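Structure first, then comments.
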Number of protein chains: 2
Amino acid sequence: MSVAIKIALNGGLYNKDPQDSELGRNIIEHSIELIDELGIEAFTFKKLSIRINSTEASIYRYFVNKHLLLLYLVNWYWEWVQYLIQINSRHIIDPKDKLKIIIQSIVSASKENPMVGYVNESKLQKIVISDGMKVYHTKDVDDENSKGFFKSYKNLALTVSQVISDVNPNFKYPYALATNLFEMANNHLFFAQHLPKLTDISVKTNVYDEMEEMLEYYVNKLLAE
Amino acid sequence: MSVAIKIALNGGLYNKDPQDSELGRNIIEHSIELIDELGIEAFTFKKLSIRINSTEASIYRYFVNKHLLLLYLVNWYWEWVQYLIQINSRHIIDPKDKLKIIIQSIVSASKENPMVGYVNESKLQKIVISDGMKVYHTKDVDDENSKGFFKSYKNLALTVSQVISDVNPNFKYPYALATNLFEMANNHLFFAQHLPKLTDISVKTNVYDEMEEMLEYYVNKLLAE
DNA sequence: TAATAAAGATAGTAATACTATTGTTTTTAA
DNA sequence: TTAAAAACAATAGTATTACTATCTTTATTA
């Protein structure tokens, strides 16, 4: 049995907490697999219900629709990154070192030992890279934002922006740089694989190492006084 | 009658070139309006056909589906930005000044005088900001990329990366910085409006001016030797 | 053991994303 | 100028999606 980490997520994201039942955890586990395989567009509750030998109606008892399920997964992911940053930097005082840990955690959130049995962090990262930004690029952003559905991401941005400001209190764009680090990490891992002309990162070497190097170069240059 | 700029786009993006007929131009004009109003998810050919007093079948004669229509519009936009950069920087020699023009063109592509009667550049920019990245975040990227469907964006990245390398030939990430400029411009205009906690740009002042300032600050710091 | 909650089975609906066919204009070219 | 061809409109039809509703079975708990 795996260690019982329970990630706290906004209750509005689900009808019934999937972490609390076998079926719920099954939905999480196999939706990650299926979205990874099909992409969010071709993924349906029908297909998921067949995969897990259940029914559409049963899945609807947990999630209002696939958009909210994706939002749940994405929030889960950012909470996971936040958690990794916390444990990996808990004894570190120098903000520069802290920022290094943050970059490592963002880039390699999937490399870490999986600690929640039913979540495949590596596949989840792939989903976040491919479909993550779709959760807020909708006509419902404002409404969903007011319900706190993007809290995990905003919290992480806050955490990272504070470390950025600790490194250089005069830097004018700590929030933008924080989110830019997340977006760059995800975008360029995607570009390296699918649109190599849009990046300098190459899949021929270790993409993760290259990504870390690039992000470190970025923050060092930008935060130099 | 407006000046006849014809933007050259990959023929695989459409069944029948919409620039060549009244109905085609109507489809472009009103799809921009309707996608801006509804977002790409709720937009359908049915709704568009009603809006322009035509039929679904007629629209399908021009575009295979709404995804390809969006791809057409997004490519159109990046060609437009490329065009703006070209005419605005045609007499400029210093690469630093050129980069400044590039930033202005990216951020304010919508502020320019409209030169194509049936394209509302301002609404088109809003679409690119909200839905632009969805065109390549699909399971068909590789296939569509091999057909040249992302050429306009890649061309622009090439153009900008060359100027970046002219400014500082030792900078290791010219392509990444180029795409990062586009993505930042779009993302943070979106964040400023909908998720202000994710950015330092504020809608209270002139967002476009602030955006330009931020991007200039970024490139200056990053490209300083 | 009765009550209750969770899950499965089944059916049904409106909308979406198309394809196909036929008829009517409009354009063009002989 | 007229016949042919292309463009467009009108209509119908299909499979899939994104649900909602209801009813039955199974498991849990009081």
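The chains referred to below are lettered A, B, ... by the order of the sequence lines, with proteins before strands, and numbering in each begins at 1. Hydrogens, waters and symmetry mates are skipped; everything else that's a heavy atom, side chains included, is used. Worth saying up front: this structure is predicted, and the values here are computed from it rather than measured.
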Could you give the CG-to-C1' distance, from Asn26(A) to dG8(C), as a whole number of Å?
14 Å

Sugar-phosphate or base contact per nucleotide [nucleotides 24-30 of chain D; S, B, -; heavy atom under 4.0 Å]:
-------

Without swapping roles, check the side chain of Asp140(B) against the backbone of Asp143(B) for a donor-acceptor pair under 3.5 Å.
no

Any chance the side chains of Ser58(A) and Thr55(A) put a donor and an acceptor closer than 3.5 Å?
yes

CD on Glu41(A) to OG on Ser130(A), rounded to 0.5 Å:
10.0 Å

Residue pairs, two or more places apart or on separate chains, that pass salt bridge (charged side-chain N to carboxylate O under 4.0 Å, His left out) and touch residues 185-207 of chain A
none

Please, which pairs that meet salt bridge (charged side-chain N to carboxylate O under 4.0 Å, His left out) have at least one residue in residues 55-73 of chain A, sequence neighbours excluded?
none

Nucleotide dA7(D), atom C1' - distance to CG of Asn15(B) in whole Å:
14 Å

Only residue of Lys123(A), Gln125(A), Glu121(A), Lys126(A) satisfying side chain to side chain donor-acceptor pair (under 3.5 Å) with Ser110(A) is Gln125(A)

With a cut-off of 6.0 Å (strictly less than), are more than 12 heavy atoms of other residues, nucleotides or ligands near NZ of Lys151(A)?
no

Angle class for the Tyr153(B)/Phe182(B) ring planes (parallel below 30°, perpendicular above 60°, tilted otherwise)?
tilted

Using distance alone, with no hydrogens and no angle criterion, decide if Tyr173(B) and Thr199(A) have a side-chain donor and acceptor under 3.5 Å apart.
no

Counting only side-chain nitrogens and oxygens, does Tyr62(B) get under 4.0 Å of the OP1 or OP2 atom of dC8(D)?
yes

Nearest-nucleotide wise, let me know which of Asn65(A) and Ala57(B) is further upstream toward the 5' end of DNA chain D.
Ala57(B)

Taking N or O atoms only and anything under 3.5 Å, show me the protein contacts with nucleotides 22-26 of chain C, one pair per line.
none

So, is Tyr60(A) near the phosphate of dA21(D), with a side-chain N or O under 4.0 Å from OP1 or OP2?
no

Is it the case that Ser202(A) and Glu210(A) place a side-chain donor and acceptor less than 3.5 Å from each other?
no

What is the distance, rounded to the nearest whole Å, between atom CZ of Arg25(A) and atom P of dA6(C)?
14 Å

Return yes if some donor-acceptor pair links the side-chain N/O of His188(A) with the main-chain N/O of Met184(A) below 3.5 Å, else return no.
no

Can you check the His67(B) NE2 to dT16(C) P distance for me, whole Å?
19 Å

Hey, is the main chain of Leu195(B) close enough, under 3.5 Å, to the side chain of Asn145(A) for a donor-acceptor pair?
no

Taking CD1 from Ile59(B) and C1' from dT11(D), how many angstroms apart are they, rounded to a whole number?
16 Å

For atom NZ of Lys139(A), decide whether the heavy atoms of other residues, nucleotides or ligands shown that lie under 6.0 angstrom number more than 12.
yes

By nearest atom, which of the nucleotides dA7(C), dA18(D), dC8(D) is closest to the Ser21(B) side chain?
dC8(D)

Residues of residues 28-36 of chain B with a heavy atom under 4.0 Å from any atom of DNA chain D, listed by number, are none

Using whole Å, report how far CD1 of Ile27(B) lies from C1' of dA7(D).
12 Å

Thinking salt bridges, do Arg51(B) and Glu37(B) make one under a 4.0 Å N-O criterion?
yes

Rounded to the nearest angstrom, tell me the gap between atom CG in Asp20(A) and atom P in dA5(C).
16 Å

How close or far is atom C1' of dT17(D) from atom CD of Glu41(B), stated in whole angstroms?
15 Å

Strictly below 4.0 Å, heavy-atom distances to any atom of DNA chain D: list the hits from residues 43-56 of chain A, or just say none.
Thr44(A), Lys47(A), Glu56(A)

